[in-house]
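The structure appears below as structure tokens.
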Amino acid sequence: ANAEYVNSQIAKLASNGKTKIISVLDYIGSDNDIAPAISKMIAAGFNYIYIPDGTFLAKSTISINSPNLTLFGNGNDSIIQQSFDGDLFDVTVNNITIKNVYIETTVSGTTGSVVNSKTSNNLKIDNIFVDNTGKGVYNAISVNGGSNIKIYNSTIHGTMGDGVSVTNTTTIDITGNTIYDCGQSKNSFNGLTIDSSSSNITVRNNNIGNTSVSNEYLQYGLMISSNNVVLLSNNMIYQTVNGISFLKGPSVVNIGNIVS
């Protein structure tokens, strides 16, 4: 099934005239450290980097500094274990997709994000699972600047800070995600925080909360400080200290959300 998946991806890319696809197995060393392998592949000009089934270590930050890159795996069978305190993916360029990977943090620490995007345009994060088993991640996804940010169908568990934090960004679509038991430092963090300098925000069909009343880590499920074109729809917020905070205004639509 995995070979069929990869072949289907290659066929799809070939039909678009894009065939520079490669597996990390072609570059990874005996230490099983995925970070230098991906860095070498990016430097070599590969635009499609495949992470196959297996468990791979990440001992340092992966700098995504070349545009037009897709990093993809087979979902929960493609596992990256982050074994250091810091950002896993540092994204500073445009047109980046990260999808279908499972990421575990295995060390204590509170300074990094799994994805830290800085002024990147056209960033898509789709179907990633962040499991913060070692309490080593501050925010799972941090976005600071840029535009056209899409965070879809992902699961985020157990961060020390926010599940997702967005600042100074325009055109954001956060849809179909599950964010739970985050904010474990118990310092007023939220499932999703979007600041007042961001605009054109869509947040829909997300499940955000705590798994039990005794684990009320999250202060708010949603904290939206902007009223500059905001759509909040069909989100489920459960067992947080507070539910949803947003600024009312003529460009804010709040429909079908449930707080329990």
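Side chains are part of it too, since the values below use all heavy atoms of this structure and drop only hydrogens, waters and symmetry mates.
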Keeping S120 on the side-chain end and I96 on the backbone end, is there a donor-acceptor pair under 3.5 Å? no

Do the side chains of I38 and L71 get nearer than 4.5 Å, heavy atoms only? yes

Would you mind telling me which of N207, N206, T175 makes a side chain to side chain donor-acceptor pair (under 3.5 Å) with N235? N206

Roughly how far apart are I128 CD1 and I141 CD1, rounded to 0.5 Å? 4.5 Å

Side-chain heavy atoms nearer than 4.5 Å, only ILVMFWY residues, links allowed to pass through others: does that put I179 and M223 together? no

Within the structure provided, determine whether D131 and I103 are in side-chain contact (heavy-atom separation under 4.5 Å). no

Please determine whether residues M236 and L231 belong to a single hydrophobic cluster, defined as Ile, Leu, Val, Met, Phe, Trp and Tyr linked transitively by side-chain heavy-atom distances below 4.5 Å. no

Apply side chain to side chain donor-acceptor pair (under 3.5 Å) to the pair S225 and D195, showing each step before the final yes or no. CA-CA 5 Å; S225 299; D195 79 331; over 6 Å; no

Looking at CG of L25 and CG of N32, how far apart are the two atoms once the value is rounded to the nearest 0.5 Å? 9.0 Å

Verify whether one side chain among T193 and N190 offers a donor that lies under 3.5 Å from an acceptor in the other. yes

Side-chain heavy atoms under 4.5 angstrom apart, residues restricted to Ile, Leu, Val, Met, Phe, Trp, Tyr: same cluster for Y238 and I258? yes

Does any donor atom in the side chain of N132 or T159 lie under 3.5 Å from an acceptor atom in the other side chain? no

From CA spacing to verdict: side chain to side chain contact (heavy atoms under 4.5 Å, CB included), I79, Q81: CA-CA 6 Å; I79 302 169; Q81 290 186 339; 4.3 Å; yes

Quick one: does I28's side chain get under 4.5 Å of D33's, heavy atoms only? no

Might you work through the side chain to side chain contact (heavy atoms under 4.5 Å, CB included) test for I156 and T178, ending with a clear yes or no? CA-CA 6 Å; I156 296 170; T178 298; over 6 Å; no

Any chance you could measure N257, atom CG, to I244, atom CD1, to the nearest 0.5 Å? 4.5 Å

Are M160 and Y220 connected in the hydrophobic side-chain network, where two residues link if heavy atoms are under 4.5 Å apart? no

Tell me, do L218 and Y180 make a side-chain contact under 4.5 Å, heavy atoms counted? no

D53 and N74 have their tightest heavy-atom pair at OD1-ND2, 2.9 Å

Decide yes or no for V137 and Q82: does some side-chain heavy atom of the first lie under 4.5 Å from some side-chain heavy atom of the second? yes

Mind listing the closest non-hydrogen atom pair of D31 and L57 along with its distance? O-CD1, 3.9 Å

Do I174 and Y152 share a hydrophobic cluster (ILVMFWY, side-chain heavy atoms under 4.5 Å, transitive)? no

Check for me whether the distance between the ring centres of F72 and Y48 falls short of 6.0 Å. no

Heavy atoms only: give me the nearest Q184-G158 pair and the separation to one decimal. NE2-CA, 3.4 Å

Donor + acceptor pair across side chains of S113, S142 (<3.5 Å): yes

Determine the interplanar angle of the Y102 and F129 rings, folded into 0 to 90°, and report it as parallel if under 30°, tilted if 30 to 60°, perpendicular if over 60°. parallel

Nearest 0.5 Å please: distance from the CZ atom of F46 over to the OH atom of Y27. 4.0 Å

Closer than 3.5 angstrom, by distance alone: can the side chain of N177 be matched with the main-chain N or O of I151 as a donor-acceptor pair? yes

Out of curiosity, I49 CD1 to I22 CD1, how far, rounded to the nearest 0.5 Å? 8.0 Å

Mind telling me whether F189 and Y138 have parallel, tilted or perpendicular rings, with 30° and 60° as the class edges? perpendicular

Quick one about S63 and N65 (side-chain donor to acceptor, distance below 3.5 Å, no hydrogens or angles considered), yes or no? no

Flag, side chain of S78 to backbone of G73, donor-acceptor distance under 3.5 Å: no

State the CG-OG distance between N144 and S117, to the nearest 0.5 angstrom. 8.5 Å

Run the side chain to side chain contact (heavy atoms under 4.5 Å, CB included) test on L222 and I208 for me, step by step, so that the C-alpha distance in whole Å, both residues' side-chain angles and the decisive distance to 0.1 Å come before the verdict. CA-CA 8 Å; L222 299 175; I208 302 174; 3.4 Å; yes

Looking at I42 and S66, what are the two nearest heavy atoms and their distance? CG2-CB, 3.6 Å

Looking at every heavy atom in both S198 and T167, which two are closest together, and how far apart are they? OG-C, 3.5 Å

Between N127 and N153, does any side-chain donor sit less than 3.5 Å from a side-chain acceptor? no

Smallest separation among heavy atoms of D126 and S154, with atom names: C-OG, 3.9 Å

Assess, by modelled atom type and distance only, whether the side chains of S226 and N228 contain a donor and an acceptor separated by less than 3.5 Å. no

V24 vs M41, test: side chain to side chain contact (heavy atoms under 4.5 Å, CB included). Steps then yes/no. CA-CA 8 Å; V24 295; M41 287 185 280; 3.3 Å; yes

So do L192 and V203 actually touch side chain to side chain, heavy atoms under 4.5 Å? yes

Do N94 and N122 pair up side chain to side chain, a donor and an acceptor below 3.5 Å, judged on atom types alone? no

Sole residue of L88, I80, D87 in side-chain contact (heavy atoms from CB on, under 4.5 Å) with V114: L88

Can you check whether K118 reaches D90 side chain to side chain, under 4.5 Å on heavy atoms? yes

Does the side chain of L232 come within less than 4.5 Å of I201's, by heavy atoms? no

Does a donor on one side chain and an acceptor on the other come within less than 3.5 Å for T170 and N200? no

